2 protein chains.
Amino acid sequence: MSHPHPELAPPPPLAKGALRVVALGGLGEIGRNMTVFEYAGRLLIVDCGVLFPEEEQPGVDLILPDFDYIRDRLDDIEAIVLTHGHEDHIGAVPFLLRERADIPLVGSRLTLAFISAKLGEHRIKPEVVQVEEGERRSFGDFDLEFFAVNHSIPDALAVGIRTPAGSLLHTGDFKMDQLPLDGRITDLGGFARFGAEGVDMLLSDSTNAEVPGFVTSERDIAGVIDNVFAKADKRIILACFASHIHRVQQVLDAAQAHGRKVAFVGRSMVRNMNIARDLGYLKIPGGLLVDVKELDGLPESEVLMVCTGSQGEPMAALSRMANRDHQIRIEKGDTVVLASSLIPGNENSVNRVINGLTRWGAKVVHKGNALVHVSGHSSAGELLYVLNMVKPRNFMPVHGEWRHLRAHARLAELSGVPENRVVIAEDGVVVDLYKGKARIAGVVQAGYVYVDGNSVGDVTESALKDRRILGDEGFISVVIAVDSTSGKFIGEPQIHTRGAGIDIDAYDEVIPKIQSALERAASDGITDPGQLRQLVRRSVGRWVSDTYRRRPMIVPVVVEV
Amino acid sequence: MSHPHPELAPPPPLAKGALRVVALGGLGEIGRNMTVFEYAGRLLIVDCGVLFPEEEQPGVDLILPDFDYIRDRLDDIEAIVLTHGHEDHIGAVPFLLRERADIPLVGSRLTLAFISAKLGEHRIKPEVVQVEEGERRSFGDFDLEFFAVNHSIPDALAVGIRTPAGSLLHTGDFKMDQLPLDGRITDLGGFARFGAEGVDMLLSDSTNAEVPGFVTSERDIAGVIDNVFAKADKRIILACFASHIHRVQQVLDAAQAHGRKVAFVGRSMVRNMNIARDLGYLKIPGGLLVDVKELDGLPESEVLMVCTGSQGEPMAALSRMANRDHQIRIEKGDTVVLASSLIPGNENSVNRVINGLTRWGAKVVHKGNALVHVSGHSSAGELLYVLNMVKPRNFMPVHGEWRHLRAHARLAELSGVPENRVVIAEDGVVVDLYKGKARIAGVVQAGYVYVDGNSVGDVTESALKDRRILGDEGFISVVIAVDSTSGKFIGEPQIHTRGAGIDIDAYDEVIPKIQSALERAASDGITDPGQLRQLVRRSVGRWVSDTYRRRPMIVPVVVEV
């Protein structure tokens, strides 16, 4: 990622009495949220999440923050505070704990349950410190206070960070539903109290800063869901995020009211709902839940499946149902509900799923045609409440792309934060808070680290560039055998090609061109394999470009025998 | 594309006195609209457009309808009616005319000007038949009547088709702006008159059938544009579709009112606006237009650029400005307006452009934050007017994905068309109209034909499958030299790899595995190159899957020397 301030250099050492803030993810992007706070040589980390790849990162499974900035200082880390249990806040923890396993993980009960389950799959048993809203707790010089915030997962926290260099408030992800299902509202009063005490820097969630107004209450979905259930006389299949416990609760309540049995489908859905039920976050009436295998024995009008795949993930149950590639066959009259957001980048895959389901005769209910989803992030209206309550001396928008950070910065200025106290930083930009004023002090490495299969970091930008060329154009490999003693070419060049979309017979045309290039090289006394490869690359590249107007990758191979 | 009626077979010969309708594109997709009508052995084609590829078709430039169904019957074609000048309605004409150059092209003045300019680039001079609304004209047994329709390009037409087998109305793309800039409204009165005469089949645009209500008037954008101009004190850069003449007209009017000079940027924008001005569809006040080179001499507050690239196309001017890879450098305070729709599939690229422009300090106005675009397609409200006016005996929704076709079918049923007279067909599905009743009679070939570079049809589904694998995982090529006389392997296997993201030294591990597999083969007397390649593919594939959990393409090459 290029920086708008290309002049930035590595930062100077941190001044005595100053606090340093470096986001390794979450600034200039939605995902892999991770912020490192430094005071007097010690570090506190807030969140450690993953980013999901887009088509620019073909074949990549996950994108991690680059831990390079803290790699030599792992022992300086006092703790990692996890604000809530979403993947973009906890997903990279297993990868960081591989480097130092005993970093204390600080979070609420549900958040720790989710991260512990995930770490269990990686065979890591973490050091955990359970906290709750209203609690105050110190880690070295970092004196933390936790505030309840409402979000699309229960038990989310904001964190106040008091240090000798100043006080900060990091909201985490939040919204301000005033009638949440669990009655646990965002602690605006606490924010106000902390603000009155003097907050030197506010870091606040920018995801929906461009959206005017206020988020509808989660509770408003209930009537819509009820209406869908009332109208459906065959099976209902409902997809939503596997962490959205309140959404699932509302769906279970509707199922109970309308006499349907429920089966959870999808590994993460089953796992998370078990955790949520065991900890009391999800209330499941007795007899409501059945195993998916028992559904066949029930009348269609008494069936509800709650599954994953609401983002059109190709391997998830819902996509496979849409392709008739799943044991559950969609039939005319089935109702499918996508009770979730449409994460930017997933539009095509979700559209394919909707079309597939519609083709087989299902009625598809989604946020485009019914209020079956509300966002988990504050809109501009709510963000202004927080700015006005906290009255921060400095403001740094976090969790958002440039468009969101700028929009949030503008809100801060409108609310009275002076323009020169609003810091828009990208990942890796170093922000120092010194004597009450925040300023950009430099930049550190904060690029993408790719997880592909079971390896981390092996797939580089250069490999991705190759993948993009190969994916768009395929390759043509030309194998030439050279006698290692005489230096003479043996036989004809062999062509091997995939994805170039050129008939194999057409290559008969280029073989003589390669041969004459090689003959010229021989008569010029060129024997260096690098130069020979270059010659082959040029003659084949020119032929394919002139003949087909394409640029496949040309891979010349010289075999010395 | 799989069919929901996999039992469909090639259709029987067309009964005497029956009319056959086959869409070769536009059903089950948005784009490459093309419908073939057949009566008594003669063919009439309505539209011949292209589809733009998605990420499932990597490297493809365009997707054409498959002309296989008509290839042996090119001489039976009476004419191609072009309803309007958009690429998804005219873009494939040059490719069809390559097969028979003298097929008459029937259309309005602007439509013929656009297709003639395009054909000129392909060095084809077409036979054209210019028609206008209200006109009636026969091509063999096809007695055509043309109706004015309002759309996002001027001079669009619907076509009534009277044949001895029955009468049809094909709306083309349309909406029903009641106050269009050119005063040319959709001829609902004409539809009603035709309907009163008896329409056996209505084919109507389904693009926005899921959207409730009515489309806002194009004229309502004017106030918003005016407001943007009033607030901007530096440069304005406005991107929209190069065919949206009325949109550009409103922008030019605003420029004139606010004292800005205008330069058109982008080849298709310059070409189309010249055509539109020459034919009188675009009115440009004297002295308003300047060359882009003259802009540097003007104060920033007197500059407007109208350019292409509103869909985030990576090579267009706007994307390059967003990446600071263009002579026009975006600076703080510039205003960029995306006055266009966001075509599904382009969300990511448009988002990247918005973020890039925002990062450099531009204010970006787009349909997400201001009414700078209205759709060119009727919403459900308008579609019902047409259904109620025409009162067709049979209805076939066209121009849409499954979700849109189903939604439009539902509207038709609500308006009183009996369910068994509503035919939802996919591309290639054959619909016969016989004795006033439409029924599905079979299916013909109607797959995707890919244009890549300057070749048509060379890139096959199998090449695309290879590209998807290569793009996600890269490849590992293993070259083995074999002595052709002794059958013995010479030297070590050589590894060449791109995009697999595995360190080259790591392959030292797999070389002995390949060698021992080859030695076993030799001792078993296996010399067949196909079998040897299979052995290599298996040992490398197993190693990479076990070690890295990945599946790159393995390309074994046996060189006999």
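From a predicted model like this one, the values you see are computed outputs, not experimental measurements. Just so you know, these numbers use all the heavy atoms, side chains as well, and skip hydrogens, waters and symmetry mates. So that the names make sense, note that chain A is the first sequence line, chain B the second, and so on, each numbered from 1.
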Flag the pair B/E473 and A/R498 as a salt bridge only when some basic side-chain nitrogen lies within less than 4.0 angstrom of an acidic carboxylate oxygen.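 Salt bridge absent between B/E473 and A/R498.
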Would you say that more than 12 heavy atoms from the other residues, nucleotides or ligands in this model lie under 6.0 Å from the [atom1] of [X], or not?
X: B/E509; atom1: CD; result: yes
X: B/R551; atom1: CZ; result: no
X: B/E121; atom1: CD; result: yes
X: B/R410; atom1: CZ; result: no

Go through [options] and name the one with the most non-hydrogen pairs under 4.5 angstrom from chain A.
options: B/D503, B/I490, B/N351, B/V364; value: B/N351
options: B/D452, B/I354, B/L405; value: B/D452
options: B/K465, B/R352, B/R468, B/R324; value: B/R352
options: B/I469, B/N323, B/N454, B/L357; value: B/N454

[X] versus [Y], closest heavy-atom pair with distance:
X: A/G501; Y: B/A463; answer: CA-CB, 4.1 Å
X: A/W402; Y: B/T358; answer: O-CG2, 3.8 Å
X: A/V557; Y: B/Q494; answer: CG1-OE1, 4.0 Å
X: A/G474; Y: B/L470; answer: CA-CD1, 4.0 Å
X: B/P58; Y: A/G471; answer: CB-O, 3.1 Å

Is it the backbone or the side chain of [X] that comes under 4.5 Å from a heavy atom of chain A, or both, or neither?
X: B/V479; answer: side chain
X: B/E401; answer: both
X: B/E56; answer: side chain
X: B/V482; answer: neither
X: B/A407; answer: neither

Considering only heavy atoms and a distance below 4.5 Å, find which of [options] pairs most often with chain B.
options: A/S462, A/P212, A/G361, A/G491; value: A/G361
options: A/T460, A/N369, A/L464, A/T547; value: A/T547
options: A/V211, A/D466, A/N348; value: A/N348

Interatomic spacing from [atom1] in [X] to [atom2] in [Y] - rounded to 0.5 Å:
X: A/H496; Y: B/F475; atom1: NE2; atom2: CZ; answer: 11.5 Å
X: B/K363; Y: A/R406; atom1: NZ; atom2: CZ; answer: 13.5 Å
X: A/E347; Y: B/E347; atom1: CD; atom2: CD; answer: 3.5 Å

Residue pair A/D458 / B/R550, side-chain heavy-atom distance below 4.5 Å: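 Touching, per the 4.5 Å side-chain cut-off.
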Is there a side-chain contact between A/R549 and B/D61, using heavy atoms and a 4.5 Å cut-off?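 Not in contact.
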Using modelled atom types and a 3.5 Å cut-off, is there a donor and acceptor pairing between side-chain atoms of B/R403 and backbone atoms of A/N355?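 No, because the side chain of B/R403 does not come within donor-acceptor range (under 3.5 Å) of the backbone of A/N355.
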